[in-house]
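Here is the structure we will look at, set down as structure tokens.
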There are 2 protein chains.
Amino acid sequence: MKHDLEYCTVEPALEVLTGKWKISILYFLFQGTKRFSELQNSIPNITKKMLTSQLRELEEQDIVRRVVYPVVPPKVEYSLSEYGYSVEPILRAMHLWGMTHIKHIQLKREIQKVQT
Amino acid sequence: MKHDLEYCTVEPALEVLTGKWKISILYFLFQGTKRFSELQNSIPNITKKMLTSQLRELEEQDIVRRVVYPVVPPKVEYSLSEYGYSVEPILRAMHLWGMTHIKHIQLKREIQKVQT
DNA sequence: CAGTATCCCCGCTGATACTG
DNA sequence: CAGTATCAGCGGGGATACTG
């Protein structure tokens, strides 16, 4: 671990990933191109408003690509941009730690049980 | 990139890292043990209340260790727990991406300038 | 179908004052 | 020094209704 100002540069990543629905959206987009309604159906409880705003932010950051088909009824497809795929290592690292963290929590609970 | 339910497990990591001051606190604790006042002085604009609550959360998650010295005036030292060091790969991945993201943004701005 | 437009609430955060 | 206690503000997010 370096001790210089390195870790000041984690904010952009945090900004891209935080937001109540970003991770879920990214998760489904990593599976491939999705329509607006597909995303809405895949993610329980999300409102159109939230889905729209989160997608717009991801689009703004060049993570997500938005393609509008000029047909009636409207059809809009969302997919990860090439740049969007570059966040994968972060998600991987978070996933890995998440798994061990779950084990950590379980172990902790068992220890607490034994102690009581 | 695997296409199964893997990425559902990133939430714990996000939970540990989000919060307005967590990253800053972690950043300084990666440098070594710090007293409460040292952290407060290192992080501009943070209030005691916020510093306390964020540290309490990190402590709750076993990331941060809190040692109270029973002296007058009080002395409390904070440091990363051994488990706390396990978040380093995440911070590294985020840092790495953050650096390229900054370049990405600069490149984008230059392209926009040329186009106008 | 894929969004906007409004209204509203609650919880995070800040400011300030107090304390062992 | 290292915190609590209390009050107040603001904005992210939810519910609902409307639209091209």
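Quick caveat, the model's predicted, so the values are computed rather than measured. Residue numbers begin at 1 in each chain, while the letters A, B, ... track the order of the sequences.
Here D/dG14 is the nucleotide among C/dC1, C/dG20, D/dG14 with the atom lying nearest to any side-chain atom of A/Lys49. Among D/dA2, D/dT4, C/dG3, the nucleotide with an atom closest to any side-chain atom of A/Phe36 is C/dG3. The side chain of A/Trp21 lies closest to D/dG14 when the candidates are D/dG14, D/dA2, C/dA2. Nearest nucleotide to the A/Arg66 side chain, out of C/dG3, C/dT13, D/dG20: C/dG3. Closest contact between the side chain of B/Lys20 and the listed nucleotides D/dG20, D/dT4, C/dG14 involves C/dG14. Checked against D/dG13, D/dA2, C/dG3, the side chain of B/Lys75 finds its nearest nucleotide in D/dA2. Distance from the side chain of A/Tyr78 is smallest for C/dG3 among the nucleotides C/dA2, D/dG3, C/dG3. Distances from the side chain of A/Val76 to the nucleotides D/dA2, C/dG3, C/dT13 place C/dG3 closest.
Judged by a 6.0 Å distance limit and a 45° cone about the ring axis, A/Lys75 is positioned over the six-membered ring of A/Tyr69.
Comparing B/Lys48 and A/Asn45 by the nucleotide of DNA chain D whose heavy atom lies nearest to each, the residue mapping closer to the 5' end is B/Lys48.
Atom CD in B/Gln40 sits roughly 10 Å away from atom P in D/dG3 (whole-Å rounding). Here the P atom of nucleotide D/dG12 and the CG atom of A/Leu51 are 18 Å apart, to the nearest Å. Separating the CD1 atom of B/Ile46 from the C1' atom of D/dG3 is a distance of 13 Å, rounded to the nearest angstrom. Following rounding to the nearest Å, A/Gln54 (CD) and C/dG3 (P) show an atom-to-atom distance of 14 Å.
Note on ring orientation: taking the six-membered ring where Trp is involved, the planes of B/Tyr85 and B/Phe30 are perpendicular (angle over 60°, cut-offs 30° and 60°).
In this structure, B/Arg56 and B/Glu60 have side chains that are not in contact, with every pair of non-hydrogen atoms separated by 4.5 Å or more.
Look at A/Arg65 and A/Glu77 and you find no salt bridge, because none of the NZ, NE, NH1 or NH2 atoms lies under 4.0 Å from a carboxylate O.
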Q: Taking Watson-Crick and G-U wobble pairs with both distances under 3.5 Å, convert DNA chain D into its dot-bracket string, 5' to 3', dots for unpaired and | for cross-strand pairs.
A: ||||||||||||||||||||
